[in-house]
Amino acid sequence: MQTVDYRHLAVAGVQALQPYQPGKPIDELERELGIKDSLKLASNENPLGSSPKAVQALQQALTTLAFYPDGSGYQLKAALAKHLPEHLGLQVQQFTLGNGSNDVLDMIARAYLGSGRAAVFSEYAFAVYPLATQAVGAELRIAEAEPAEHQYMPYGHNLANLLAKIDEHTRVVFIANPNNPTGTWLKRTELQDFMQRVPADVIVVIDEAYTEYVEEPDFPNALAYLDECPNLIVTRTFSKIYGLAGLRVGYAVSSPEIADMLNRVRQPFNVNSLALLAAQAALQDAAFVQQSVAINRAGLQQWMAACEANHWPFIPSVGNFITLDTQRNAAAVYEALLREGVIVRPIAGYGLPQHLRITIGTQTQNQRCISALQKVLQA
Ligand SMILES: *Cc1c(COP(=O)(O)O)cnc(C)c1O
């Protein structure tokens, strides 16, 4: 039989993909090292666990598993329209539900990108943007970020550079606010100005995965611009503040026209019935959200104090993670931390080979990681 290279047979965009590198699972580390009680601060998961209201809803939902989920996700969309905040007057037809918000990002690429088209995003932007773009054969246009020496937003997005990368082939701009893995963010005035300058035939995706954590007074809620900006898509997730990363549920809010296109490429039952019910219950759990914000605020302060005391340079963050400059090859630091039972996230794949991204945990978890880091960096 003829020998065929089945890698070579894949479409060019897929052959060029660098697979997404997730945080190392606790099970895997413990299996490899034969250790117990390790700590994962690698995937921006909620250290308080899941919304208790969501967990309660899940227990009741277990009796419904023989049925297909509601493919339209009507109840969750209606609950979101009411919740986000009601005065915005969002309509059910403006929502697209995803198997995590990554699924929605993929739908955006399939609906609006493809060969001959380009997506623009910043250096150090979230890894899923290039993956979704390349997989559909579209071109990547990467705008230079702010320099490490920038006064208040080192490694942050530079909107003028993003605008300069837009040309007649550009159909999508991806911006995470705040951005992962840098924790940097855009002010209301900056985002408004950007939206005014972007051509109307370019879709702007504002990825608000961490928005619930941000307490800066001039931080924008991009949902407020949907009325004026028909080219805007806002994405959000239940993976972070609601503590439901394992269930996979997120969503996009856009004009009804864009939502119509995204829903055409959506898999019929992409969000499972447990995820739909848990997400709807989690929305009602204001107490859990408040607690999560409070523990994150305290943890960010704890980390910043530790960084200053230990002279560890860091990127100022408004997310539920902090990115440190280890001032050496971070791969070795990452490995040494693993041997201490602490999993963090190396981000060499983002062009930051000296940095580590660390999820904000509980006070005790943070202290364990800080102590391990002191030990490893002094060794
Ligand atoms: C974590 C994260 C998401 C959420 O991904 P899910 O698929 O919803 O779990 C989206 N965007 C960014 C920038 C993230 O960091």
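Computed over heavy atoms, backbone and side chain alike; hydrogens, waters and symmetry mates excluded. As the structure lists them, so they are numbered: ligands from 1, and atoms in each ligand from 1. No experiment lies behind these values; they were computed from the predicted model shown.
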Practice task
Provide, to 0.1 Å, the distance between atom 5 (O) of ligand 1 and the closest protein heavy atom, together with that atom's residue and name.
Solution key: S101 OG, 3.4 Å
Exercise for the section: May I ask you to establish whether K187 and Y152 are in a cation-pi arrangement, using a distance under 6.0 Å from NZ or CZ to the six-membered ring centre and at most 45° from the ring axis? Expected result: yes
Handout entry: Atom indices of ligand 1, in the order listed, that fall short of 4.0 Å to a heavy atom of N180
Key = 13 (C), 14 (C), 15 (O)
Handout entry: Neighbour count above 12 (heavy atom, 6.0 Å) for R328 CZ
Key = yes
Practice task
Please verify whether a non-hydrogen atom of G250 lies at under 4.0 Å from ligand 1.
Solution key: no
Handout entry: N or O pair under 3.5 Å between R248 and ligand 1
Key = yes
Fill in the blank from the handout: Within 4.0 Å of some non-hydrogen atom of A209, the atoms of ligand 1 are 2 (C), 3 (C), 10 (C), 11 (N), 12 (C), 14 (C)
Listing, residues 106-118 side-chain donor-acceptor contacts under 3.5 Å, not counting sequence neighbours, or none:
residue : atom : partner : partner atom : Å
R110    : NH1  : V265    : O            : 3.4
R110    : NH2  : V265    : O            : 3.1
R117    : NH1  : Y112    : O            : 3.0

Exercise for the section: Taking atom types as modelled, find out whether N44 and Y210 have a side-chain donor-acceptor pair closer than 3.5 angstrom. Expected result: yes
Handout entry: N179 side chain to Y155 side chain, donor-acceptor N/O pair below 3.5 angstrom
Key = no
Handout entry: ligand 1 N/O within reach of N102 N/O, cut-off under 3.5 Å
Key = yes
Problem - Heavy-atom gap D207 to ligand 1 smaller than 4.0 Å - result: yes
Practice task
May I ask you to list the atoms of ligand 1 that are less than 4.0 angstrom from any heavy atom of K240?
Solution key: 1 (C), 2 (C), 3 (C), 4 (C), 14 (C), 15 (O)
Handout entry: N or O contact, S239 vs ligand 1, cut-off under 3.5 Å
Key = yes
Completion exercise
In this structure, CG of N180 is separated from OG1 of T359 (nearest 0.5 Å) by 8.5 Å
Exercise for the section: Please confirm whether Y210 comes within less than 3.5 Å of ligand 1 when only nitrogen or oxygen atoms on both sides are compared. Expected result: yes
Please tabulate, one pair per line, all N/O donor-acceptor pairs under 3.5 Å involving side-chain atoms of residues 4-12, not counting sequence neighbours.
residue : atom : partner : partner atom : Å
D5      : OD1  : R7      : N            : 2.9
D5      : OD1  : H8      : N            : 3.3

